Undergrad: 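Before I ask anything, let me first share the structure, which is written out below as structure tokens.
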Number of protein chains: 2
Amino acid sequence: MYHAWFAAQDDPNERYPLTEVVYYSRSGGLLEVQHDMAALAQRSPEEWKRLFDERWMRTTWPYGSGVWGKKEWVCPIVDNDNVVSMFEGGTNLFWAERFGREIGLEDLWIKMCGNSHTGSFKDLGMTVLVSVVKQMISEGKPIRAIACASTGDTSAALAAYGAAAGIPTIVFLPKGKVSIAQLVQPVAHGALVLALDTDFDGCMRIVREITANPDNGIYLANSLNSLRIEGQKTVGIEIVQQFDWEVPDWIIIPGGNLGNTFALGKGLLMMYELGLINRLPRIVTAQAANANPLYRSYLTGFREYQPIKAQPTAASAIQIGDPVSINRAISILRRFNGIVEQATEQELADAAARADRTGAYACPHTGVALAALIKLVQRGEIKRSDRVVVISTAHGLKFSRFKVEYHEGTLRDVIGQYRNPPIELPPDIDAVRREIDRRFG
Amino acid sequence: MYHAWFAAQDDPNERYPLTEVVYYSRSGGLLEVQHDMAALAQRSPEEWKRLFDERWMRTTWPYGSGVWGKKEWVCPIVDNDNVVSMFEGGTNLFWAERFGREIGLEDLWIKMCGNSHTGSFKDLGMTVLVSVVKQMISEGKPIRAIACASTGDTSAALAAYGAAAGIPTIVFLPKGKVSIAQLVQPVAHGALVLALDTDFDGCMRIVREITANPDNGIYLANSLNSLRIEGQKTVGIEIVQQFDWEVPDWIIIPGGNLGNTFALGKGLLMMYELGLINRLPRIVTAQAANANPLYRSYLTGFREYQPIKAQPTAASAIQIGDPVSINRAISILRRFNGIVEQATEQELADAAARADRTGAYACPHTGVALAALIKLVQRGEIKRSDRVVVISTAHGLKFSRFKVEYHEGTLRDVIGQYRNPPIELPPDIDAVRREIDRRFG
């Protein structure tokens with residue numbers, strides 16, 4: 001009854017099944033997943049809300065997953081038996097009461113997407129991509145492995161979902177640029193990790209070449225594959241659901257390749273079109289100042305856009321100078337009356353540290369979003385009583401080194417204002433009592 | 001209507017309110033939380049199940065938490081406004097289909113308790129303890145801070161919950177024995193971290209002394225405080241709930257200080273007593289061979305028990321030679337027809353690596369439990385069709401170093417049979433194709 005397909009961005013009539021091995025339109029552009037909205041509109045908004053609430057985190061396979069609980073909206077063409085799920089979504093919407101009070105907000109929330117199987121929001125999208133591949137294999141398509149070029153969360157999620165499904169995975173990386181420590185998730189999950197004697201662009205060339213010929217039987221999982229967007233878009237739907245279907249005023253999201261900004265908007269627009277919500281939040285995309293091509297474009301009213309060479313940033317997953325999803329992210333930001341803000345290394349590190357001190361455990365990308373928030377509150381764009389959600393994209397446990405260096409005082413370009421190093425004392429009760437009195441009065 | 005209190009283990013008539021600052025009975029034994037079971041029995045089993053299902057992961061504060069959704073059974077005396085919660089529990093019950101098949105089981109599940117705010121099961125108990133302290137403060141008790149001596153998950157959870165609540169926390173550690181890297185969670189969460197020039201026992205002495213005198217206003221969070229058990233006990237209830245109230249045949253749990261074995265049994269017995277289940281699973285406590293006092297006692301039919309000096313193990317959180325909860329854990333194991341099994345460093349590391357290759361991401365303690373499982377299946381104690389749940393106590397992300405060393409081949413006392421180091425290749429499509437063919441055929 002429900003149906004979805006790939007469509008060319010520049011020609012919606014150019015269509016492909018979601019189980020076809022195809023990544024580009026005839027003109028070389030990205031493909032996008034489109035849904036049969038007329039079929040979806042046959043159910044009333046109230047019926048959809050009730051269905052989504054009934055399934056929420058419960059036990060009927062695969063609908064307990066936050067992604068697959070919205071299966072009809074995400075990927076209706078996969079048989080339930082082919083779903084590869086690790087109970088994605090349903091992550092805590094953390095009430096950042098103390099952080100909000102510190103910066104002058106009454107109603108601040110942090111969506112803890114990193115509280116997940118592989119520790120980042122990438123699980124939301126990867127469950128969809130790997131499930132579609134399992135569906136293809138069940139239909140007899142000769143797929144031997146799924147591949148990506150990634151040094152971070154994408155390869156971790158791909159390898160984990162592949163391992164759970166029994167589908168081989170391949171991760172391409174530049175030799176010598178990454179350590180086993182950075183790669184430990186794909187290594188542990190049994191991916192074939194190929195360290196090539198070239199740079200990251202060289203790896204991308206090889207992975208595109210090896211996946212371009214369907215005879216090789218290697219399927220591409222990099223972010224130009226739009227299946228992942230369908231899972232990622234549930235984050236916005238889920239936030240609204242967690243507010244009992246009330247729309248917050250602002251959603252702030254870190255942006256690098258910008259697929260996540262697009263996905264957030266896509267999910268919210270689907271809710272709007274199907275009548276589950278009657279207004280849209282404003283979206284803020286937050287970039288590291290060292291990797292800010294979208295921010296620079298925003299300053300021109302999105303009239304101009306220039307790729308840049310991204311500089312190193314602690315927010316390594318968004319250190320991207322030429323985002324794949326630049327155009328579709330800009331269209332989302334226009335539609336959502338969006339803002340783009342940036343954060344320096346100092347600002348993002350201090351913001352993450354303040355969040356940690358008030359109970360969150362922020363990755364540096366979340367630090368970028370929180371630093372952007374602080375600026376918008378200070379400028380008065382975000383009002384004291386506005387309901388604001390910051391999307392935290394990864395678990396802080398993935399960034400122990402960043403936190404260690406911050407508190408040691410060795411983090412590049414940062415003088416930590418919220419450092420909290422251990423205090424050394426003799427094993428003496430009076431010395432301990434004095435130190436406690438000094439700190440807490 | 002519902003009520004709970006501390007009772008002395010050796011004299012149930014010796015009672016204290018849960019909001020009293022008291023850790024020991026008059027005879028110096030542990031205190032335990034008792035509930036007014038007669039009041040709880042006024043609701044039928046079916047009503048309890050319906051109530052718990054209605055609240056499960058939903059939005060009404062604080063009942064969406066897996067712990068606070070069972071508030072009447074856990075800690076009825078806390079006002080909802082004083083609950084300090086980060087949406088504990090509700091973690092994925094991962095169907096370990098591939099791992100099970102490899103070892104000859106059809107119905108194997110891993111309860112991913114580490115998929116949580118601070119990355120370990122300790123959140124389940126700490127939310128209760130910190131909430132009770134917030135309740136005490138709201139009632140005017142002069143508490144300035146909460147303290148513990150811990151190098152690991154307990155200090156992380158205490159500091160995070162304290163940070164969220166705005167209640168100061170203190171962590172005591174031996175100077176020089178732990179790095180900022182090990183401490184990064186309490187450091188980041190703003191705990192006062194005191195590094196004392198003594199060993200761990202010396203730290204315990206100081207923390208007991210500073211918390212013993214109520215005038216100091218420092219509340220003790222170490223595991224002899226039984227409030228934490230009340231939250232931890234929900235793990236067993238939650239597992240049964242996730243099977244639509246069916247009891248699995250076996251639950252396997254790693255054991256060090258053994259509070260968790262006791263808590264697991266306590267929750268299941270409460271369900272049994274109140275009629276929600278009509279049989280009990282068998283419980284297996286799994287110990288590292290390097291820290292196995294319970295295993296040694298089990299070999300004597302629990303007739304003898306000797307503390308030992310625990311040797312180093314990768315499963316660092318259970319490297320304990322004289323467990324605080326030895327007696328109450330043994331009574332649980334007797335009641336549940338329990339088994340104790342052990343795992344060497346080699347066995348625990350290989351078991352964790354096999355789990356990772358099939359989609360889990362196992363901490364070394366989970367490796368201990370999985371290695372014990374393998375032995376019990378090989379011995380025929382656990383049958384092919386039995387439904388088995390392994391409790392995973394922490395997120396693998398907390399143990400990157402363990403995994404890196406395993407795959408580098410540098411882990412102490414271990415020759416990893418499932419190592420998966422990266423393959424170095426020239427950036428050449430034919431070389432890549434050959435390697436892929438070699439691996440996947």
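Lettering of chains follows the sequences in order, A, B, ..., and the numbering in each one begins at 1. Computed from a predicted structure; not experimentally measured.
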Undergrad: Between B/A431, B/G90, B/G64, B/S116, which residue shows the highest count of heavy-atom pairs closer than 4.5 Å to chain A?
TA: B/S116
Undergrad: In terms of heavy-atom proximity below 4.5 Å to chain B, should A/K403 be classed as side chain, backbone, both, or neither?
TA: both
Undergrad: Would you mind checking which part of A/T118 comes under 4.5 Å of any heavy atom in chain B, side chain (CB onward), backbone (N, CA, C, O), both or neither?
TA: backbone
Undergrad: Sort A/A355 into side chain, backbone, both or neither according to what part of it lies under 4.5 angstrom from a heavy atom of chain B.
TA: neither
Undergrad: Is it the side chain or the backbone of A/E405 that comes within 4.5 Å of chain B heavy atoms, both, or neither?
TA: neither
Undergrad: Counting heavy-atom pairs under 4.5 Å to chain A, which of B/P168, B/S400, B/A160 comes out on top?
TA: B/P168
Undergrad: For A/A165, which atoms come within 4.5 Å of any heavy atom of chain B: side chain, backbone, both, or neither?
TA: backbone
Undergrad: With only heavy atoms counted, which part of B/D428 is less than 4.5 Å from chain A, the side chain, the backbone, both or neither?
TA: backbone
Undergrad: Most heavy-atom pairs under 4.5 angstrom with chain B, which of A/H395, A/R205, A/M112, A/Q241?
TA: A/H395
Undergrad: Please check this pair: side chain of B/R98 against backbone of A/A163, looking for a donor-acceptor N/O pair closer than 3.5 Å.
TA: yes
Undergrad: Of the listed residues (A/L196, A/I170, A/N420, A/L93), which shares the most heavy-atom pairs with chain B below a 4.5 Å separation?
TA: A/N420
Undergrad: Just by distance, do the side chain of A/W56 and the backbone of B/R58 share a donor-acceptor pair under 3.5 Å?
TA: no
Undergrad: Taking only Lys NZ, Arg NE, NH1 and NH2, and the carboxylate oxygens of Asp or Glu, determine whether A/R433 and B/D215 approach each other closer than 4.0 Å.
TA: no
Undergrad: Which region of A/L183, side chain (C-beta onward) or backbone (N, CA, C, O), has a non-hydrogen atom less than 4.5 Å from a non-hydrogen atom of chain B, or is it both or neither?
TA: side chain
Undergrad: Any side-chain to backbone donor/acceptor pair from B/H189 onto A/R357? Under 3.5 Å, distance only.
TA: no
Undergrad: Does atom CH2 of B/W95 have more than 12 heavy-atom neighbours from other groups under 6.0 Å away?
TA: no
Undergrad: Tell me, for B/F172 versus chain A, whether the close heavy atoms (under 4.5 Å) come from the side chain, the backbone, both or neither.
TA: side chain
Undergrad: So how far is it from B/D244 CG to A/T60 OG1, rounded to the nearest 0.5 Å?
TA: 7.0 Å
Undergrad: Which residues pass the ring-ring contact (aromatic ring centres under 6.0 Å, His included) test with A/F52, not counting sequence neighbours?
TA: A/W48, A/W73
Undergrad: Could you tell me which portion of A/A360 (side chain, backbone, both or neither) has an atom closer than 4.5 angstrom to a non-hydrogen atom of chain B?
TA: backbone
Undergrad: Under 4.5 Å from any heavy atom of chain B, what part of A/P186 do you find: side chain, backbone, both or neither?
TA: backbone
Undergrad: Within the side chain of B/D197, is there an N or O that forms a donor-acceptor pair under 3.5 Å with the backbone of A/P427?
TA: no
Undergrad: Enter the distance from A/H117:NE2 to B/Y361:OH here, rounded to the nearest 0.5 Å.
TA: 10.0 Å
Undergrad: If you count heavy-atom pairs within less than 4.5 Å of chain B, which of A/F440, A/Y406, A/Y418 leads?
TA: A/F440
Undergrad: Check each atom of B/A188 against the heavy atoms of chain A and say whether the ones under 4.5 Å are side chain, backbone, both or neither.
TA: both
Undergrad: When heavy-atom pairs shorter than 4.5 Å are enumerated against chain B, which of A/V84, A/T198, A/T91, A/T358 gives the highest number?
TA: A/T358
